[in-house]
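First the proteins, then the strands, lettered A, B, ... as listed; each starts at 1.
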Protein chains: 2
Amino acid sequence: MNIIEINKVLSNKVRIDILDWLKDMESNFPPQINVPNFNNGVCVCHIQDKTGLSQSTISHYLTMMHKVDIVIATRIGKWTYYKRNEKVIKEYIKLLQSTL
Amino acid sequence: MNIIEINKVLSNKVRIDILDWLKDMESNFPPQINVPNFNNGVCVCHIQDKTGLSQSTISHYLTMMHKVDIVIATRIGKWTYYKRNEKVIKEYIKLLQSTL
DNA sequence: TTATCATATCGATATATATCGATATATAGC
DNA sequence: GCTATATATCGATATATATCGATATGATAA
């Protein structure tokens, strides 16, 4: 848990937006899969579509976000699904509160 | 109040440290002035001494911090004193909480 | 096993940030 | 008006970040 590194990742509008969209995947993204109770998040391509940035850029963003642990990545078949890591996000806010 | 810009400013250890030191100026800095109830903060040179970075760098850091309003600057004579802007810092944390 | 698709990584380039020393500005004291 | 002092700004250079297209990797399907 490194505040500086997380702040760097959160110094970009698109990355903040992605985190926000992932709060409500059903309304922000097309349905992922015909599996009930699928709970692994959203695939890279859907996130890419929504931002309009290149595939490599979005993949890079999501890798950054994963490195500081604010998202959880799950590979299923050829897809990688990303969802919020609520635990770490909460911890980050708490740490920020006590640090600032 | 721009989260992205504040996050950029807070993506640096020294700037986070400065904000932390300013929580307790009496113990972190030499006495400022022989005026009782002096409440305008700490001058640039004392902050510079503590960091060991160049005067221009620290002045630049404090200017950045002032631009996003997390510190208050007061010019008295040839000195500029900086202190925390508690109101904005609180607002920032609140906004972050509701955004993330 | 080959072709296809989703994602990750690479390499390049443009832009931003970090940091310094030098210079400018503003104030105070002589 | 000069001089000294504190701070801000400027200009330069090094490093980091943003972003893309191209390529590599890994999985599925034909």
Side-chain angles (χ1 to χ4, degrees), chain A residues 2-19 22 29-35 38 40-68 70-83, chain B residues 2-19 22 29-35 38 40-68 70-83:
Chain A
N2 182 331
I3 280 196
I4 311 281
E5 292 310 312
I6 296 184
N7 283 348
K8 278 186 198 169
V9 172
L10 298 180
S11 294
N12 176 289
K13 171 99 167 60
V14 174
R15 291 190 296 259
I16 295 257
D17 283 347
I18 291 172
L19 219 50
L22 290 177
F29 297 101
Q32 283 291 332
I33 220 172
N34 278 342
V35 174
F38 181 81
N40 292 301
V42 178
C43 70
V44 177
C45 57
H46 285 167
I47 296 172
Q48 192 211 331
D49 286 350
K50 203 167 166 84
T51 60
L53 290 171
S54 77
Q55 185 271 326
S56 61
T57 299
I58 293 305
S59 177
H60 181 221
Y61 280 7
L62 290 166
T63 302
M64 293 172 68
M65 293 168 83
H66 185 232
K67 264 190 188 140
V68 301
I70 58 178
V71 295
I72 296 168
T74 308
R75 180 99 194 201
I76 299 180
K78 43 185 170 173
W79 296 275
T80 309
Y81 298 93
Y82 286 93
K83 65 175 176 181
Chain B
N2 183 332
I3 280 196
I4 311 281
E5 292 310 310
I6 296 184
N7 283 348
K8 279 186 197 169
V9 171
L10 298 180
S11 294
N12 176 290
K13 171 99 166 62
V14 174
R15 292 191 295 261
I16 294 257
D17 284 346
I18 291 172
L19 218 49
L22 290 176
F29 298 101
Q32 283 292 333
I33 218 172
N34 278 342
V35 174
F38 180 82
N40 292 301
V42 178
C43 70
V44 177
C45 56
H46 284 168
I47 297 173
Q48 192 210 331
D49 286 351
K50 202 165 168 84
T51 62
L53 290 172
S54 76
Q55 185 270 327
S56 60
T57 298
I58 294 305
S59 178
H60 180 221
Y61 280 7
L62 290 165
T63 302
M64 291 171 71
M65 294 167 83
H66 185 231
K67 264 189 188 140
V68 300
I70 58 177
V71 295
I72 296 167
T74 309
R75 179 100 195 200
I76 298 178
K78 44 184 170 174
W79 296 275
T80 308
Y81 298 94
Y82 286 93
K83 65 174 175 182

**Student:** If I take atom CD1 in residue A/Ile4 and atom C1' in nucleotide D/dT17, what distance separates them, rounded to the nearest angstrom?
**Tutor:**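 So the CD1-C1' distance, A/Ile4 to D/dT17, works out to 16 Å.
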
**Student:** Atom CD1 of A/Ile58 to atom P of C/dT9: distance rounded to whole Å?
**Tutor:**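 Distance check: A/Ile58 CD1 to C/dT9 P gives 15 Å.
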
**Student:** Do the side chains of A/Phe38 and A/Ile76 get nearer than 4.5 Å, heavy atoms only?
**Tutor:**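 Heavy-atom side-chain distance check passes, below 4.5 Å.
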
**Student:** Starting at CD1 of A/Ile6, measure out to CG of B/Leu10 and round the result to the nearest 0.5 Å.
**Tutor:**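 The CD1 atom of A/Ile6 sits 13.0 Å away from the CG atom of B/Leu10.
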
**Student:** Provide, to the nearest angstrom, the distance between the CG atom belonging to B/Leu62 and the P atom belonging to D/dA8.
**Tutor:**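 Going from CG in B/Leu62 over to P in D/dA8 covers 7 Å.
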
**Student:** Is any side-chain nitrogen or oxygen of A/Ser56 closer than 4.0 Å to OP1 or OP2 of D/dC20?
**Tutor:**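 Checking A/Ser56 against D/dC20: no side-chain N or O falls below 4.0 Å of OP1 or OP2.
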
**Student:** Tell me what A/Thr80 touches on the nucleic acid: a base, only sugar-phosphate, or nothing, going by heavy atoms under 4.0 Å.
**Tutor:**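 Contact class for A/Thr80: sugar-phosphate only.
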
**Student:** Nearest to the side chain of A/Ser54, which nucleotide is it out of C/dT17, D/dC20, D/dG26?
**Tutor:**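 Nucleotide nearest to A/Ser54's side chain: D/dC20.
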
**Student:** In the structure I gave you, are the side-chain heavy atoms of A/Val9 and B/Asn7 within less than 4.5 Å of one another anywhere?
**Tutor:**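 No; the side chains remain at least 4.5 Å from each other.
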
**Student:** Just do the side chain to side chain contact (heavy atoms under 4.5 Å, CB included) check on A/Leu22 and A/Phe29 with the steps written out, would you?
**Tutor:** CA-CA 9 Å; A/Leu22 290 177; A/Phe29 297 101; 4.0 Å; yes

**Student:** Across all strands, who's sitting opposite C/dT2 as a Watson-Crick or G-U wobble pair, both distances under 3.5 Å?
**Tutor:**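 Answer to the pairing question: D/dA29, which forms a Watson-Crick or G-U pair with C/dT2.
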
**Student:** Rounded to whole Å, please give me the gap between CG in A/Asn40 and P in C/dT7.
**Tutor:**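 Spelled out: CG on A/Asn40 to P on C/dT7 is 13 Å.
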
**Student:** Please give, in whole Å, the distance from C/dA18 P to B/Lys13 NZ?
**Tutor:**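 Atom NZ in B/Lys13 sits about 15 Å away from atom P in C/dA18.
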
**Student:** Report the nucleotide, chosen from C/dC10, C/dT7, D/dA8, that has the shortest atom-to-atom distance to any side-chain atom of A/Gln55.
**Tutor:**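 Nearest nucleotide to the side chain: C/dT7.
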
**Student:** Quick one: is C/dT4 close enough that its OP1 or OP2 comes under 4.0 Å of any side-chain N or O from A/Lys78?
**Tutor:**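 For C/dT4, OP1/OP2 do not have a side-chain N/O of A/Lys78 under 4.0 Å.
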
**Student:** Under 4.0 Å: is that the gap between some side-chain N or O of A/Tyr82 and OP1 or OP2 of C/dA6?
**Tutor:**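 Looking at the OP1 and OP2 atoms of C/dA6, neither is under 4.0 Å from any side-chain N or O of A/Tyr82.
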
**Student:** OG1 of B/Thr74 to OH of B/Tyr82: how many Å apart, nearest 0.5 Å?
**Tutor:**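 Reported value, rounded in 0.5 Å steps: 9.5 Å.
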
**Student:** Would you compute the distance between atom CZ of A/Arg15 and atom CD1 of A/Ile18 and round it to the nearest 0.5 angstrom?
**Tutor:**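 Nearest 0.5 Å value for the CZ-CD1 distance: 8.5 Å.
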
**Student:** Just checking B/Ser59: base, sugar-phosphate only, or nothing, at a heavy-atom cut-off of under 4.0 Å?
**Tutor:**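 Result for B/Ser59 = base.
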
**Student:** If only side-chain N and O atoms of A/Arg15 are considered, is one of them under 4.0 Å from the OP1 or OP2 phosphate oxygen of D/dA18?
**Tutor:**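 Indeed, a polar side-chain atom of A/Arg15 lies that close.
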
**Student:** Please pick, from C/dT7, D/dA18, C/dC20, the nucleotide with the shortest atom-to-atom distance to any side-chain atom of B/Thr57.
**Tutor:**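 Nearest nucleotide to the side chain: C/dC20.
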
**Student:** Kindly point out which of C/dC20, D/dT7, C/dA8 is positioned nearest to the side chain of A/Val44?
**Tutor:**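 It is C/dA8.
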
**Student:** Let me know the distance between OH of B/Tyr81 and P of D/dA6, rounded to the nearest Å.
**Tutor:**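 In whole Å, D/dA6 P and B/Tyr81 OH are 10 Å from each other.
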
**Student:** On DNA chain D, compare the nucleotides closest to A/Gly77 and A/Met64; which residue's is nearer the 5' end?
**Tutor:**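 That would be A/Met64.
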
**Student:** In whole angstroms, how far is the P atom of D/dA8 from the NZ atom of B/Lys67?
**Tutor:**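 Atom NZ in B/Lys67 sits about 11 Å away from atom P in D/dA8.
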
**Student:** Roughly, in whole Å, what's the span from CZ in B/Arg75 to P in D/dA8?
**Tutor:**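 Value for this atom pair: 6 Å.
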
**Student:** Counting any heavy atom closer than 4.0 Å, what does B/Leu53 reach on the DNA or RNA strands: base, sugar-phosphate only, or nothing?
**Tutor:**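 Sugar-phosphate: the residue B/Leu53, judged by heavy atoms under 4.0 Å, touches backbone atoms but no base.
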
